[in-house]
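Structure, as structure tokens:
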Amino acid sequence: MLMTAVNQPLSLQAIADPQPGPGQVRIRLHATGVCGTDIHVWRGELPVPLPIVLGHEPAGTVDAVGPGVGSLRRGDRVGVAWFQGGCGRCAYCQKKKYKFCASPKTWISNGGGYAEYMVAEADGCTLVPDKIAWDIAAPLFCGGFSAMSAYKIAKPQPGERVAVIGIGGLGHIALQIAKSMGHEVVAITNTPGKAQDARDMGADEVLVVKNHVGKELQAMGGADVILSFSPAMKQNSEAMEGLRPGGRLVTTAPSAEPIQADPVQMLFKQTAILGSAHNDTGDLVDILNLVAAGKVKPKLEIYKFDEINSVLARLTEGRVRYRAVLVHDA
Ligand SMILES: [Zn+2]
Ligand SMILES: [Zn+2]
């Protein structure tokens, strides 16, 4: 399903099977999750060279191995995250922190997963535990990874109360991560229809925001950690008022809006704002393991892979519950 122009439907086209170069593998895809960032790319807000195959939550079987690859073999079950490598020589690459490299290798250089085959850097692949089905595995490679990174960057301590703003593709995973780690969890949503789902996924309390998320959260006792997946930065700014002393707000959504914070509140309450995306690859491994252990259960809508255009529309309208996944073998 090729993207040939901004804001135009992706089209089913026959293209040559990609061949893995040095350090790369080719993957026969089984499932690919559909991420909100695909919408940004599709609208041209995150420019990419066209034509391109989108889809940065791919999972499948290694079917060909390029020269110099020692780590992966044909038949391995893998998924691929956004960042697949870097220049290999800078200080950040030495630490395997490819996202800080000035020349990172991403799916944008290799192509994504809305296809039968893709190539990826072997270094950018992560093994999928046998216990995880393809459709469950795929959305962990961006959504699940982001949710785990958001949780871990806040360094939650035993007994801390964790609030999650935005019960969607990432938030519904973050909620379950926090619950599985033993925290009291408050789910925060603007959508009354999601309240029962949030309870079913383990939320101890649900706040359906009426007017001011921070004041309403504070009235419920506040939170030590707020993991926000809301793209509304006004709401994130207001959420700062819901932090307990020493509290941390983690913001994850790309937005052109600024976040505002009251510096007097920040210094007296010693609060902090942290940004998070895909942090360390270990976070991806952690969410794969939690899901393999049955502690976190992604709630998915499953589609055939050529249904991507209607899925993008559904995602734009905010109707997906809670992550859409395209399967290639149906
Ligand atoms: Zn994504
Ligand atoms: Zn580098």
Side-chain angles (χ1 to χ4, degrees), residues 1-13 15 18 27 29 31-60 79-86 98-121 124 138-147 149-150 166 168-171 229-233 251-257 275-278 284 301 303-320 322-328:
M1 295 301 295
L2 207 60
M3 175 177 167
T4 54
V6 166
N7 267 325
Q8 296 302 311
L10 307 187
S11 61
L12 185 62
Q13 293 189 23
I15 56 174
I27 299 163
L29 290 152
T32 303
V34 184
C35 175
T37 307
D38 288 324
I39 302 281
H40 294 294
V41 176
W42 181 60
R43 286 180 184 154
E45 294 156 6
L46 197 169
V48 296
L50 298 175
I52 194 168
V53 178
L54 305 184
H56 59 272
E57 293 186 337
V80 193
W82 185 288
F83 292 98
Q84 300 176 18
Y98 300 131
K99 71 171 188 170
F100 298 136
C101 176
S103 323
K105 289 178 192 161
T106 70
W107 68 272
I108 296 168
S109 22
N110 289 327
Y114 301 157
E116 290 170 289
Y117 294 95
M118 66 180 281
V119 294
E121 307 301 321
L140 303 178
F141 279 82
C142 183
F145 189 170
S146 301
S149 280
L170 280 59
F229 302 95
S230 167
M233 293 302 142
T251 180
T252 62
S255 168
E257 281 179 72
S276 181
H278 295 171
L284 171 58
E301 294 181 359
Y303 298 91
K304 286 192 286 185
F305 105 105
D306 58 0
E307 292 180 296
I308 177 64
N309 289 308
S310 55
V311 174
L312 289 175
R314 196 171 160 77
L315 191 58
T316 307
E317 293 157 8
R319 287 160 55 208
V320 172
Y322 282 85
R323 196 65 153 182
V325 177
L326 310 178
V327 293
H328 301 252

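Scope of the values below: all heavy atoms of this structure, side chains included, with no hydrogens, waters or symmetry mates. Numbers here are sequence positions counted from 1.
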Under 3.5 Å donor-acceptor, Glu121 side chain and Gln84 backbone: no

Val53 to Ala115 - nearest heavy-atom pair and separation: CG1-CB, 4.0 Å

With Pro9 via side chain to side chain contact (heavy atoms under 4.5 Å, CB included) - residues at least two apart: Asn309

Main-chain N/O of Gly143 paired with Glu57 side-chain donor or acceptor, under 3.5 Å: yes

Straight-line distance of Lys304 NZ to His328 NE2, nearest 0.5 Å: 13.5 Å

Residues which pass side chain to side chain contact (heavy atoms under 4.5 Å, CB included) with Leu315, listed by chain and number, not counting sequence neighbours: Val34, Ile39, Val320

Partner residues of Glu116 under the salt bridge (charged side-chain N to carboxylate O under 4.0 Å, His left out) criterion, sequence neighbours left out: none

Nearest-0.5 Å distance that lies between atom CE in Met1 and atom CG in Leu54: 10.0 Å

Atom pair OG1/CD1 of Thr32 and Ile308 - distance to nearest 0.5 Å: 9.0 Å

Residues in side chain to side chain contact (heavy atoms under 4.5 Å, CB included) contact with Ala81, at least two apart in sequence or another chain: Phe145, Leu284

Side chain to side chain contact (heavy atoms under 4.5 Å, CB included) partners for Leu170, two or more places apart: Ser146, Phe229, Arg323

For Thr37, side chain to side chain donor-acceptor pair (under 3.5 Å) partners two or more places apart: none

Ring geometry between His56 and Trp107 (parallel below 30°, tilted from 30 to 60°, perpendicular above 60°): parallel

Qualifying residues under side chain to side chain donor-acceptor pair (under 3.5 Å), relative to Glu317, sequence neighbours excluded: Arg319

Residues which pass ring-ring contact (aromatic ring centres under 6.0 Å, His included) with Phe83, listed by chain and number, not counting sequence neighbours: none

Contact check, side chains of Tyr114 and Leu2, non-hydrogen atoms, under 4.5 Å: no

Counterpart residues, salt bridge (charged side-chain N to carboxylate O under 4.0 Å, His left out), relative to Glu45 (two or more places apart): Arg43

All ring-ring contact (aromatic ring centres under 6.0 Å, His included) counterparts of Tyr117, not counting sequence neighbours: none

Closest non-hydrogen atom pair between Ala138 and Ala31, with its separation: CB-O, 3.6 Å

Under the side chain to side chain donor-acceptor pair (under 3.5 Å) test, residues paired with Thr252 that sit two or more places apart: none

Partner residues of Ser103 under the side chain to side chain donor-acceptor pair (under 3.5 Å) criterion, sequence neighbours left out: none

